[in-house]
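Heads up: the structure comes next, in structure tokens.
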Amino acid sequence: MRVPWKALAAAVAGLLLAVPPVSPAHAAGTPYTVPPVSGSLSTYNVSSVYVAGVSSGGYLATQLQVAYSGRIRGSAVFAAGPYYCAQNTVTQALYACGDNIYPTYLANLETYTRTWASYGWIDPVGNLASRPAYVFHGNSDTTVKKSVTDDLVRYHQRFGASVQYDSGSSAGHAWVTPYGTGGCGVTAAPYLNDCGTDPQNAFLRKLLGSVAAPNTGPLRGTMIRFAQNTFAVGGWANGISMDTSGFAYVPAPCAAGQSCRLLVALHGCLQGYGKVGTAFVDRANLNQYADTNNMIVLYPQATTSAANPNGCWDWWGYLGATNYPIKGGAQIETIMNMVRRLDG
């Protein structure tokens with residue numbers, strides 16, 4: 001079923017609907033999981049930071065990459081368009097950043113980026129040169145049109161990034177994972193699609209240079225459930241449409257002090273803990289790679305609110321502030337506060 005963008009205007013198209021809870025069973029196509037334990041984020045020996053996301057989480061991933069390019073070393077984005085695509089306008093978000101009825105005005109987005117960097121509102125654009133960027137678009141995805149994702153690729157290229165574009169899949173609008181429960185080409189719940197491929201291997205190789213094979217047995221790390229209020233701008237996560245709890249998967253070697261990378265993983269709309277529990281956290285195929293590649297995975301959590309009934313990340317300005325895509329933006333700063341704690 002195609003997601004009806006026009007019918008979802010109040011939430012800018014509820015991208016990615018609810019995913020059912022995941023059983024810890026270990027049948028084929030079902031990942032091993034570890035139950036979350038309550039705790040707090042600690043500081044680890046983090047060597048570098050990366051970001052990945054899908055749909056609204058993909059848009060936020062690019063906002064984080066551009067705003068903090070001095071700290072974030074690369075990005076992987078599924079099913080989203082270029083930085084500041086919505087330009088603080090719901091209409092533009094709907095008809096240019098999902099559909100392609102309007103243009104994305106890519107040249108204007110480049111100008112905004114360069115101007116804001118000159119003001120110090122985002123990090124210098126020179127940081128983006130040669131940054132690894134992985135971009136994924138499925139050919140059955142009509143929720144975010146291919147031309148929109150094409151413009152994300154072009155946006156990165158305008159700043160000299162090293163882009164790998166995976167546009168040959170028949171996937172629908174979804175995070176594609178070997179642990180997906182939906183068929184490859186569907187755009188329907190649970191929006192975690194199995195295409196018989198492993199894009200996580202592809203994007204981690206792009207970001208990190210090389211990766212060891214994932215752990216397909218019992219996980220050896222710890223899944224920490226922590227209070228997002230501790231890091232939230234204003235001290236109240238719900239006030240910025242973020243949940244009270246977030247998650248972080250910490251492999252045992254990282255907890256023991258070994259050097260580790262950090263990946264920020266951002267779910268899509270209606271895919272946060274309040275709607276689906278740890279479904280995205282468990283099935284994203286990231287914890288498996290974390291275990292064998294000394295990589296901490298941070299899973300911030302958005303939630304629903306009156307202004308954001310589908311629990312999307314703020315990529316069009318629903319919080320009512322125009323600084324959502326730059327330093328000082330409420331969700332960006334909240335997530336960066338988590339990063340600062342983890343990497344010291």
Side-chain angles (χ1 to χ4, degrees), residues 22 24 26 29-54 57-58 61 64-65 71-78 132 134 136 175-180 192 197-226 245-267 271 273 277-301 335 338-344:
V22 177
H26 308 127
T30 301
Y32 282 86
T33 63
V34 289
V37 295
S38 295
S40 57
L41 294 185
S42 299
T43 297
Y44 300 94
N45 182 13
V46 172
S47 61
S48 51
V49 184
Y50 304 88
V51 64
V54 58
L64 284 162
Q65 171 67 94
R71 198 159 195 162
I72 296 177
R73 309 296 295 179
S75 60
V77 170
F78 288 65
Y134 174 92
F136 183 100
W175 176 273
V176 175
T177 163
Y179 300 116
L192 289 166
T197 59
D198 185 353
Q200 289 71 48
N201 181 277
F203 82 65
L204 288 171
R205 280 190 288 111
K206 179 62 177 177
L207 299 185
L208 308 181
S210 64
V211 292
N215 175 16
T216 56
L219 297 177
R220 299 186 291 267
T222 302
M223 182 68 71
I224 300 168
R225 179 176 180 174
F226 65 91
S245 294
F247 299 89
Y249 183 74
V250 182
C254 304
Q258 292 188 23
S259 177
C260 289
R261 280 75 64 101
L262 170 62
L263 177 69
V264 181
L266 299 164
H267 62 76
Q271 208 174 23
Y273 180 77
T278 57
F280 179 78
V281 171
D282 289 335
R283 288 188 173 269
N285 193 32
L286 295 174
N287 305 331
Q288 289 71 22
Y289 278 101
D291 252 3
T292 55
N293 289 277
N294 283 17
M295 182 178 73
I296 297 166
V297 187
L298 173 66
Y299 296 98
Q301 299 294 302
I335 292 170
M338 299 173 191
V339 170
R340 294 176 186 116
R341 173 66 60 82
L342 287 165
D343 74 0

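All heavy atoms count here, side chains included; hydrogens, waters and symmetry mates do not.
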### Message
Distance alone, cut at 3.5 Å: any donor-acceptor contact between the side chains of T177 and R283?
### Response
no

Can you give me every donor-acceptor pair (side chain of residues 250-265, partner residue at least two apart or in another chain, under 3.5 Å) with its distance?
residue: Q258; atom: OE1; partner: N294; partner atom: ND2; Å: 3.0
residue: R261; atom: NH2; partner: N293; partner atom: O; Å: 3.4

For residues 203-217, the side-chain hydrogen bond (donor to acceptor under 3.5 Å, both in side chains) pairs (sequence neighbours left out) are S162-K206, N201-R205, N215-D291

Would Q271 and V54 satisfy side-chain contact (heavy atoms from CB on, under 4.5 Å), going step by step from the backbone distance to the final call? CA-CA 10 Å; Q271 208 174 23; V54 58; 4.0 Å; yes

Interatomic distance, CG@L342 vs OH@Y44, rounded to 0.5 Å, equals 7.0 Å

side-chain contact (heavy atoms from CB on, under 4.5 Å) test vs M223 passes for just one of V37, V281, T33, T278, namely V281

*Could you check whether the rings of Y273 and F247 sit parallel, tilted or perpendicular, using 30° and 60° as the cut-offs?*
tilted

Applying ring-ring contact (aromatic ring centres under 6.0 Å, His included) to Y179 and not counting sequence neighbours gives none

Over 60° means perpendicular and under 30° means parallel, so classify the ring planes of F203 and Y134, tilted if in between. tilted

For Q301 and H267, the nearest pair of non-hydrogen atoms, with its separation, is CA-NE2, 3.6 Å

The reported gap from OG in S245 to CZ in F226 (rounded to nearest 0.5 angstrom) is 8.5 Å

Heavy-atom nearest pair, L266 first then G57, reads CD1-O, 3.6 Å

Exactly one candidate in V49, T43, I296 meets side-chain contact (heavy atoms from CB on, under 4.5 Å) with D343; the answer is V49

